[in-house]
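Please read the structure below before turning to the comments.
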Amino acid sequence: MQDVKAPLRHALKTALQALGVEPPTAVPVEPAPKGKPGDYGTPLPFQLARILKKPPPQIAKELASALPPIPGVREVIPVGGFLNFAYDPAYLVEAASAPPAPFPRRPGKVVVEHTSVNPNKELHIGHLRNVALGDAVARILAYAGFEVEVENYIDDTGRQAAESLFAIDRYGEAPGEGEKYDHYAGRLYVRLHQELGQEGKKAALEPGIRAVLKRLEAGELRNEIEKILRAQLATMWRLGAEYDVLLWESDIVREGLLNKALRLLKATPYVFEPEEGKYRGALVFDTSRFIPGLEDPYLVLVRSDGTATYTAKDIALQFWKMGLLSGLKFRPYGTQPSGRPLFTSHPEGEPMPFGRATATINVIDVRQSYPQQVLKAALSALGREDLAAHHVHLAYETVLLEGRPLSGRKGHVVSVDELIQEAVARARSVIAEKNPDHPDPELAAEQVGIGAIRFAMVKTEPRRQIDFRWDQALSFEGDAGPYLQYAHARAASILRKAREKGLDPAAPLPEGAAAKATAYEAALAKALLGFPEAVEKSAAEPTPHLLAAHLLDLAAAWNAYYNAKENGQPATPVLTAPEGLRELRLRLVSVVKETLRQGLALLGVPAPEVM
RNA sequence: GCGCCCGUAGCUCAGCAGGAUAGAGCGAGCGCCUCCUAAGCGCUAGGUCGGAGGUUCGAAUCCUCCCGGGCGCACCA
């Protein structure tokens, strides 16, 4: 896939220089709107109107005559103040006829932290958005040329983990038949909270919970946490999300990273212990210089009872991620479904080069914007504005369920496992109905079910609230994962049949084949050529929804191509097309298939060969 | 009250480093399987881009104010 806009921009700059105008740094070039002549166009003449003191249409004409020949451009068409370019279809098709290639490597390392769910109960659809978003962003960045490290923070010394373990111990009940361990822990956690709600129970149970908390901090109950964590990981892996390293909070505390971080901060003028007032005896961070406009800019790092706040631990983790602190040890944690190894921090491990990031992305919901700002402020407090500028909080809005906020207490939640089961069952029945001879219905059902769920979570802009509705999330029509998967399977089917006939879609195009390209092929080629830019934009934001939107456009262009008719007859048959044109179309279909596969992979959506 | 985010078609959403008659999907209506998978395609209907000012040759996009909704403002996170 080659860039057709770059030569065009270059030619425009050359023409501008010929006209004695300093070219802008970014020359706008966009596909021409439907119904307008040409394939691409630029509004450049409007921007020059002020400088040249001439009307845009006149500038467009002058610019047109000053242009050097542009590769593939058949005609330069002034359209009012726009200047459009009609391409030779053969050129567009040739430009699109190689599958997209990964981007060149970029310097530095990006650490993406996502999931980081409390190891105390099963995942629900709120967590799902985090996993889907984080995993997609990590994949997109890696494809876009960044070195990416995916970290999953395990808060094993938190209150919630302690409560689940306490509940398991207290009720002494075994998991139900076939009950996943995280669901079991979650069930007893909920039961504990019911009991805590009863009169006088809280005081009676509190010491027990505190005792568990102490043991967790000492790392004594790691195996108990692991049982829950392993069950959660099974869900993440089934979704297709994978990680490089698990970071246990107890390890971070044990390695003294927290104290090291606090020591660094205490050496700045912004962190101190007030001698009077409401914060007397606590260690606070005055963020006013970094976060203006707060009514109370003091943030407690260490409470007056000596315990550290979560934010303080988070700052320590952030410092570690960016190489300001060292000390964690690691060891292998096993191999994930794709074969990618997973590591974990561990007291008995050995040093490994995790962390040391030049940029960090935290995938975490918008309600935590303030503490995320504090992370940047802490970096700034150390004088590391450079690092602060490279920390991104990928804030996403919360997920509603049928219009109402999720609520564990009111039972208004859906677990991810439950959702997957439902989606796969639904896919299974659609396959049985539409393709009863499917060679592997179980595989396809899993792919379609997972794909529908994951796509639903990433197609919307992160900062918009998602209202999860069963009928929409499991929809297999329209703007949905299965629509893209279907387009992919359709292309795969043609390629399969071609190979059966002895044709090789990967073979070089025969001499003169490209010249047979029509407007149909050109339109499809243009859709394909937008892929690298969509990836680039998605990586830069970062957000997967831009790539998702482009893939929907590409699939729509491909489906339209597939269905094109003239006088009631198929206008664009592939396998039965005349020789030359057939090879050309086959090549395009193969690039469509590969581009969709790649794009879907970046969103974590499987691409079935048969549906 | 202060701060951040969101108001685009009946519903769910793209578009927002200013550019061409504002685009999809769902829903509604009409059509397309003797043709490579109809989970698809085509056509029709449907919009004061929350409102008012402003900047600009040009504003859904930038600025200000207002209205509506969400979230955050603990020695929680």
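Below, read A as the first sequence line, B as the second, and so on, with proteins coming before strands; counting in each chain starts at 1. None of the values given here were measured: they were computed from a predicted structure.
- Here, B/C57 and B/A14 have their C1' atoms 28 Å apart, quoted to the whole Å.
- Heavy atoms of A/Val610 sit under 4.0 angstrom from at least one base atom.
- The pair A/Arg367-A/Asp365 meets the salt-bridge criterion, with a side-chain N (NZ, NE, NH1 or NH2) lying under 4.0 Å from an Asp/Glu carboxylate O.
- Comparing the P positions of B/G18 and B/G1 gives a spacing of 34 Å, expressed to the nearest Å.
- Between the side chain of A/Asp553 and the base of B/A24, no donor-acceptor pair under 3.5 Å is found.
- Of the listed residues (A/Lys516, A/Arg585, A/Lys526, A/Arg587), just one forms a side chain to side chain donor-acceptor pair (under 3.5 Å) with A/Glu521, and that residue is A/Arg585.
- Here A/Arg367 lies in heavy-atom contact (under 4.0 Å) with a base.
- Looking at heavy-atom distances under 4.0 Å, A/Gln569 makes no contact with the nucleic acid at all.
- A heavy-atom distance below 4.5 Å is not found between the side chains of A/Met611 and A/Arg490.
- As judged by a 4.0 angstrom heavy-atom cut-off over every strand, A/Ala49 is placed among residues making no nucleic acid contact.
- Of the listed nucleotides (B/A20, B/C2, B/G40), B/G40 has the atom at the smallest distance from the side chain of A/Glu477.
- With a cut-off of 3.5 Å on both Watson-Crick or G-U wobble distances, the partner of B/C65 is given as B/G51.
- By the stacking rule of 5.5 Å between ring centres and under 30° between planes, A/Tyr562 does not stack on the base of B/G40.
- Pair assignment for B/G46: none, as no Watson-Crick or G-U wobble contacts are both less than 3.5 Å.
- Remark: A/Arg463 is not in phosphate contact with B/C5, judged by side-chain N or O atoms under 4.0 Å from OP1 or OP2.
- The base-pairing partner of B/C33, taking Watson-Crick or G-U wobble contacts with both distances under 3.5 Å, does not exist among the strands shown.
- At the heavy-atom level, A/Lys565 lies under 4.0 Å from base atoms of the strands shown.
- For the pair A/Val366 and A/Ser369, the minimum side-chain heavy-atom distance is below 4.5 Å.
- Remark: B/C2 base-pairs with B/G72; criterion is Watson-Crick or G-U wobble with both hydrogen-bond distances under 3.5 Å.
- Look at B/C26: its glycosidic torsion is beyond 90° from 0, and that puts it in the anti range.
- Base pairing of B/U56: no nucleotide in any strand meets the Watson-Crick or G-U wobble criterion (both distances under 3.5 Å).
- Both distances falling under 3.5 Å, in either a Watson-Crick or a G-U wobble arrangement, occur for no nucleotide opposite B/G18.
- Base pairing of B/C13 is made with B/G23, judged by Watson-Crick or G-U wobble geometry with both donor-acceptor distances under 3.5 Å.
- In summary, A/Lys537 and A/Glu541 do not engage in a salt bridge, as defined by a charged side-chain N under 4.0 Å from a carboxylate O.
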